Amino acid sequence: MDPLNPASFNLQKIKLPTGRTYEYCDQTPTDYRHGETPVLLLIHGFPELWYDWRYQIGPWVRRGWRVIVPSMLGYAGTDKPEDPAFYTPLALAGEMADLLDVLDIKKPIVVMAHDWGSPTAFSFATRYNERTKALVSISIPNQPPLPMALTPDQMVAAMGADWLGYWYFFCSEDGPAKIQANIPRFLDLLYRSHKTMHPQIFAEGTIEKIMSGEIEAPGPSDLMSAEERQFHIDTLEGGGIDKPLNYYRQTPHTFTIQEELKVNPVLPATLPVLLIAADHEPFGTPELIERSRPFVPCMDVVRMDSGHFLMLEKQEEVTQIVGDWVEKKLKGAE
């Protein structure tokens with residue numbers, strides 16, 4: 001597995017009982033024993049790919065673990081349904097359980113996630129806690145369940161957070177087309193270290209103005225090589241950005257499925273959780289972390305001097321710290 005060569009990874013496709021097809025990366029250690037080797041399920045966020053975990057997959061496989069990384073719904077070679085209701089965290093948690101079933105993985109797994117993958121990971125752990133051995137969330141703490149059905153605009157207003165202002169553009173009628181017209185600029189804008197990130201990137205209007213040229217665009221991403229960047233550009237240009245934006249449009253449906261499934265939002269006190277929070281982004285503030293603690297009773301927190309894309313900006317530290325923590329939890333569960 002060469003992180004700079006996507007073709008060196010084992011990509012497969014599989015059809016779930018829902019009829020939807022998922023693309024996924026599946027890497028096994030040399031001494032793999034089905035039903036015995038620990039399994040890690042890695043869930044990416046927006047506008048990410050399975051490939052965002054490229055620097056972690058190999059080292060974790062060499063620790064003796066099977067690593068499965070799906071292209072999430074709407075991305076790359078995975079199906080792209082129109083209806084945002086399919087993209088709620090609880091619905092996607094069900095898809096992840098179906099994926100494990102089809103792969104005949106019955107023993108509890110370690111689930112890890114970043115960005116929009118994290119709500120799905122937390123939902124998996126609440127809906128299927130008997131199938132979850134440990135959980136790692138990078139960047140995003142768990143959040144309380146929605147008290148009512150909220151549109152994306154209502155969600156931003158309810159949070160009272162100026163740093164969610166970019167949601168308005170993402171969920172606007174012309175936002176997807178403007179982004180699709182210039183995927184390279186969009187990726188260069190988001191995939192930046194905390195040292196080069198635009199200070200008002202998440203404020204309302206900033207991304208839209210940069211995409212339109214009203215604000216000067218940054219140079220190429222400082223988190224990706226030219227080859228890595230081109231693979232990401234080609235994949236998003238080919239698959240489109242509209243369906244990945246359903247992760248923002250799905251909020252009204254989240255409350256509906258919450259009410260249908262009646263899942264206990266509090267994780268078991270015996271389920272170990274690791275949160276890696278970044279110092280230079282608004283998503284993992286101490287206030288949001290404390291807000292999550294009633295729902296995550298057994299949580300370790302590690303802070304890093306980083307921006308949002310920790311798996312790239314702090315690739316060695318994330319790989320080592322997460323690997324050591326998981327190894328310790330796996331040994332403790334024996």
Side-chain angles (χ1 to χ4, degrees), residues 14 16-18 20 22-26 38-46 48 50 52-53 56 60 65-75 78 85-146 246-247 250-251 253-276 292 295-300 322 325-326 329-330 333:
I14 197 166
L16 303 187
T18 59
R20 286 184 280 279
Y22 269 74
E23 174 185 78
Y24 67 103
C25 173
D26 190 357
V39 174
L40 275 56
L41 176 68
L42 279 48
I43 305 175
H44 71 77
F46 176 92
E48 300 170 3
W50 69 266
D52 279 57
W53 295 95
Q56 287 74 46
W60 291 343
W65 307 329
R66 180 180 181 179
V67 178
I68 298 170
V69 196
S71 292
M72 294 303 289
L73 203 65
Y75 289 89
T78 293
F86 290 117
Y87 296 78
T88 67
L90 279 168
L92 291 169
E95 301 255 281
M96 295 300 97
D98 285 345
L99 174 63
L100 296 174
D101 287 341
V102 176
L103 294 175
D104 191 35
I105 296 172
K106 296 180 170 60
K107 292 186 68 174
I109 66 163
V110 178
V111 60
M112 302 187 190
H114 176 249
D115 190 77
W116 269 112
S118 292
T120 296
F122 281 114
S123 293
F124 181 90
T126 54
R127 189 174 176 183
Y128 305 101
N129 53 70
E130 76 285 354
R131 303 187 72 168
T132 312
K133 184 170 290 186
L135 188 155
V136 178
S137 179
I138 299 176
S139 178
I140 307 295
N142 194 18
Q143 292 302 306
L146 294 179
N246 273 336
Y247 286 82
Q250 54 76 30
T251 57
H253 306 282
T254 293
F255 179 77
T256 302
I257 194 169
Q258 279 177 195
E259 293 300 292
E260 288 175 357
L261 296 179
K262 300 293 184 185
V263 174
N264 181 355
V266 180
L267 292 175
T270 55
L271 178 64
V273 174
L274 173 64
L275 171 67
I276 298 186
S292 75
F295 301 90
V296 191
C298 183
M299 179 169 64
D300 298 324
V322 172
W325 184 89
V326 169
K329 299 307 174 184
L330 288 174

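In this text, all values refer to a predicted model and were calculated from it rather than measured experimentally. Just so you know, these numbers use all the heavy atoms, side chains as well, and skip hydrogens, waters and symmetry mates.
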For a quick test of reading the model, state the closest non-hydrogen atom pair linking [X] to [Y] and the distance between them.
| X | Y | value |
| --- | --- | --- |
| I257 | T254 | CG2-O, 3.2 Å |
| G94 | Y128 | CA-OH, 3.4 Å |
| F295 | P145 | CE2-CD, 3.6 Å |
| T132 | L271 | O-CD1, 3.4 Å |
| C298 | A269 | CB-O, 3.3 Å |
| G74 | Y87 | CA-OH, 3.8 Å |

Min side-chain heavy-atom separation [X]-[Y] under 4.5 Å:
| X | Y | value |
| --- | --- | --- |
| E260 | T256 | yes |
| H114 | D52 | no |
| R66 | I105 | yes |
| M96 | L41 | yes |
| F86 | N246 | no |

In Å and rounded to the nearest 0.5 Å, what is the [atom1] to [atom2] distance from [X] to [Y]?
| X | Y | atom1 | atom2 | result |
| --- | --- | --- | --- | --- |
| D26 | L103 | CG | CG | 6.5 Å |
| K107 | R131 | NZ | CZ | 13.5 Å |
| I140 | W116 | CD1 | CH2 | 9.0 Å |
| M299 | L275 | CE | CG | 6.0 Å |
| L42 | W53 | CG | CH2 | 4.5 Å |
| M112 | S137 | CE | OG | 11.5 Å |

Item to check | Donor-acceptor under 3.5 Å (D115 side chain, G117 main chain) | outcome: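 A pair under 3.5 Å: no.
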
Checklist entry - Checking side-chain contact (heavy atoms from CB on, under 4.5 Å) for the pair L73/E95: CA distance, chi angles, key distance, verdict? => result CA-CA 9 Å; L73 203 65; E95 301 255 281; 3.9 Å; yes

Checklist entry - In terms of side-chain heavy atoms, does S71 have a donor or acceptor partner in T78 at a distance below 3.5 Å? => result no

Checklist entry - Under the side-chain contact (heavy atoms from CB on, under 4.5 Å) criterion, do I43 and M72 qualify, and how do the steps go? => result CA-CA 7 Å; I43 305 175; M72 294 303 289; 3.6 Å; yes

Checklist entry - Can you list the steps and then say if T126 with N142 is a side-chain contact (heavy atoms from CB on, under 4.5 Å)? => result CA-CA 11 Å; T126 54; N142 194 18; 5.5 Å; no

Checklist entry - Can you check side-chain contact (heavy atoms from CB on, under 4.5 Å) on L99 and L16, steps first, answer last? => result CA-CA 6 Å; L99 174 63; L16 303 187; 4.2 Å; yes

Next on the checklist: Over 60° means perpendicular and under 30° means parallel, so tell me whether Y75 and H44 are parallel, tilted or perpendicular.
Outcome noted: perpendicular

Checklist entry - Which residue, I109, L92, L135, L90, forms the side-chain contact (heavy atoms from CB on, under 4.5 Å) with F124? => result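 Of I109, L92, L135, L90, side-chain contact (heavy atoms from CB on, under 4.5 Å) with F124 is met by I109 alone.
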
